[in-house]
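Down below is the structure, laid out as structure tokens.
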2 protein chains.
Amino acid sequence: MRIVLALGGNALLHRGEPLTSDNQLMNIKRAALQIKCIVPNNQLIITHGNGPQVGLLALQADAYPAVKSYPLDVLSAETEGMIGYLLEQELANLLPARSIVTLLTRVIVDKNDPAFSHPTKPIGPMYSKAEALQLAKERGWSVAPDNSGYRRVVASPLPQKILNIEPILWLLNHEAIVIAGGGGGIPVSSSSEGYSSHGIEAVIDKDLCSAMLAKEVSADCFLIGTDVDAVYLDWGKSTQQPIREISLSEINSLSFAEGSMGPKVKAACQFVAQTGKKAIIGALDQIEDMLQGHAGTCIKA
Amino acid sequence: MRIVLALGGNALLHRGEPLTSDNQLMNIKRAALQIKCIVPNNQLIITHGNGPQVGLLALQADAYPAVKSYPLDVLSAETEGMIGYLLEQELANLLPARSIVTLLTRVIVDKNDPAFSHPTKPIGPMYSKAEALQLAKERGWSVAPDNSGYRRVVASPLPQKILNIEPILWLLNHEAIVIAGGGGGIPVSSSSEGYSSHGIEAVIDKDLCSAMLAKEVSADCFLIGTDVDAVYLDWGKSTQQPIREISLSEINSLSFAEGSMGPKVKAACQFVAQTGKKAIIGALDQIEDMLQGHAGTCIKA
């Protein structure tokens with residue numbers, strides 16, 4: 001089976017957890033152990049988020065005023081290097097007989113996407129409301145609530161086209177495990193004059209990019225690994241209960257929290273609607289069980 | 001012909017030039033125009049340095065004390081993302097019919113390499129002597145003269161083994177242009193327990209790594225593109241003259257400046273000695289002429 005597995009940026013650096021290299025490495029080691037379980041008999045493409053990481057790089061760049069901060073497209077490319085490396089290395093330790101290959105992935109966005117004037121993608125660390133409002137004032141940031149705190153939010157335009165799909169397929173055909181589309185891909189804009197070299201201040205939603213990637217590589221299954229064990233009905237209420245299996249038409253009649261489960265459900269549904277194949281959302285710690293139908297929420301056509 | 005082309009990190013961000021995204025992009029555009037000329041009829045693997053860039057990331061990280069700076073192996077991985085992206089994009093504009101693919105590249109180093117106690121690799125911006133000595137005192141850096149100024153220097157262990165050579169060959173066989181081994185590769189250490197997850201505080205010499213890569217992929221020619229148009233006899237004296245063609249035994253009897261032409265000549269000679277093929281050192285602006293024997297210094301067995 002060909003699987004696209006999307007790892008949440010927040011599953012690699014938990015919300016509220018200090019954004020240190022050690023914390024990230026610890027979470028990546030845990031993820032790699034889970035990924036190992038689903039490697040036999042499957043072709044695997046791994047994507048990952050980069051919200052906490054790209055936000056950290058932006059904070060570091062802003063803290064060094066001698067050189068103007070690089071735009072978010074370049075910082076996203078840096079996170080593909082950072083996270084890709086750590087993940088590749090841990091997988092290489094666990095799967096010494098397999099090639100683990102990390103590809104940079106550029107993704108075209110529309111520079112007139114309305115998302116550029118309505119930032120929604122949380123990046124960087126969690127702040128208190130007072131801190132967030134102060135930072136917004138000082139730095140011209142947009143900020144928004146995220147779970148129990150506040151975070152900086154940036155534009156998150158829709159992915160229009162993923163570049164370099166073919167090399168991913170070539171590598172899969174050689175039994176490589178491919179890490180690609182990190183951070184939702186590096187956002188680039190394109191016109192009749194080619195790809196623009198003017199930086200793009202945006203971070204693409206990694207779930208929507210991963211759903212598109214899963215379709216483009218003709219994946220049989222699209223897995224989203226996050227820090228919640230399933231999609232829930234009545235999430236946060238006393239009546240909350242996990243959904244085990246649901247059809248596209250049933251789940252379309254429900255609504256989920258924007259900024260957390262909402263985008264994941266939307267991405268999963270997009271893949272199922274476009275391909276007729278299944279998508280599964282669940283906890284990173286239960287990937288193997290999710291694939292066998294014993295955990296997570298499976299969305300079917 | 002299969003060519004490995006090594007681009008100097010200082011050719012992408014000139015010594016003394018502010019380390020801005022715009023400056024880097026301008027130099028990368030210039031390099032891409034040159035690279036385009038040697039694409040027809042050749043298979044091409046492009047490597048690049050990262051001295052100025054990895055130093056900038058380290059300065060930015062140090063300027064944001066809320067999160068402990070990530071080690072240099074992780075920052076090197078970030079520069080593979082940053083530079084790889086900008087170069088891939090410019091080449092994609094100039095060569096729309098070709099796949100341009102950037103792979104992360106890990107390179108094993110010996111954690112007991114004596115280089116760890118004798119830092120020699122310059123990174124980051126140029127400082128005056130007084131500034132450099134002050135920074136060395138404040139931050140525990142090693143600093144050393146580099147051309148007309150001073151720079152931070154870090155450990156530069158020898159590359160022992162480049163990981164993921166096979167995927168590079170698979171991609172070449174599909175006519176892709178491959179960007180790999182950026183920044184001399186991401187330094188990793190290996191033991192019977194696998195690859196270490198303890199960060200490596202080092203930056204590998206990109207010319208030595210590129211020479212090893214050229215040998216491993218059975219390149220027919222190893223090109224080093226820098227900011228000087230040839231290797232010179234009596235460099236900096238009134239009697240200086242460029243060397244056009246030289247044998248391995250002749251060049252081995254000469255000596256060149258450590259930290260500038262020395263490492264390039266050493267890397268080129270290593271490739272020629274191990275393979276019997278030719279290596280050419282010259283200006284990034286003259287790559288096509290170098291390949292045709294009209295520019296640069298050609299070292300032959």
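The sequence lines fix the lettering, A, B, ..., with proteins before strands; numbering per chain opens at 1.
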For this session: Report the option among Glu193(A), Lys68(A), Arg106(A) that has the most heavy-atom pairs separated by less than 4.5 Å from atoms of chain B.
Result: Arg106(A)

For this session: Could you tell me how the ring of His174(B) sits relative to the ring of His174(A): parallel (under 30°), tilted (30 to 60°) or perpendicular (over 60°)?
Result: perpendicular

Problem set entry | Any donor-acceptor N/O pair, Glu201(B) side chain to Leu72(B) backbone, under 3.5 Å | yes

For this session: Using non-hydrogen atoms and a 4.5 Å limit, figure out which bit of Ile28(B) sits close to chain A: side chain, backbone, both or neither.
Result: neither

Problem set entry | Arg2(B) side-chain N/O to Leu44(B) backbone N/O, donor-acceptor pair under 3.5 Å | no

Exercise. Measuring heavy-atom distances to chain A, does Leu19(B) have an atom under 4.5 Å in its side chain, in its backbone, in both, or in neither?
Worked result: both

Exercise. Under a 4.5 Å heavy-atom cutoff, which of Ser196(B), Pro65(B), Ala63(B), Ala92(B) has the most pairs with chain A?
Worked result: Ala63(B)

For this session: Flag the one option from Leu59(A), Leu171(A), Thr79(A), Ile186(A) with the top tally of heavy-atom pairs under 4.5 Å to chain B.
Result: Leu59(A)

Seminar exercise, completed: So, the part of Pro18(B) with a heavy atom under 4.5 Å from chain A: the answer is neither

Exercise. Of the backbone (N, CA, C, O) and the side chain (C-beta and beyond), which part of Leu103(B) lies under 4.5 Å from a heavy atom of chain A, both, or neither?
Worked result: both

Exercise. Quick check: are there more than 12 heavy atoms from other residues, nucleotides or ligands sitting under 6.0 Å from CD of Glu138(B)?
Worked result: yes

For this session: Show your working on side-chain hydrogen bond (donor to acceptor under 3.5 Å, both in side chains) between Glu78(B) and Gln53(B) and close with a plain yes or no.
Result: CA-CA 9 Å; Glu78(B) 292 175 23; Gln53(B) 296 84 353; over 6 Å; no

For this session: Please name the residue in the list Leu133(B), Val143(B), Leu135(B) that meets the side-chain contact (heavy atoms from CB on, under 4.5 Å) test with Tyr127(B).
Result: Leu135(B)

Seminar exercise, completed: Under 4.5 Å to a heavy atom of chain B? For Ile100(A) that would be backbone

Exercise. What residue, out of Glu90(B), Glu88(B), Glu80(B), has the most heavy-atom pairs lying under 4.5 Å from chain A?
Worked result: Glu88(B)

Problem set entry | Value rounded to 0.5 Å, distance of NZ in Lys206(A) from OG in Ser156(A) | 11.0 Å

Problem set entry | Between Gln43(A) and Glu175(A): side-chain donor-acceptor atoms closer than 3.5 Å | no

Exercise. Can you tell me if Asn27(B) uses its side chain to pair, donor with acceptor, with the backbone of Asn23(B) under 3.5 Å?
Worked result: yes

Exercise. Which residue out of Leu57(B), Leu86(B), Val101(B) racks up the most heavy-atom pairs below 4.5 Å with chain A?
Worked result: Val101(B)

Problem set entry | Among the listed options Ala61(B), Pro125(B), Ser69(B), the residue most often paired with chain A at heavy-atom distances under 4.5 Å | Ala61(B)

For this session: Please determine, among Leu75(A), Thr105(A), Asp73(A), Asn173(A), the option with the most heavy-atom pairs under 4.5 Å with chain B.
Result: Asp73(A)

Exercise. Between Gln89(A) and chain B, which part of the residue has a heavy atom less than 4.5 Å away: side chain, backbone, both or neither?
Worked result: both

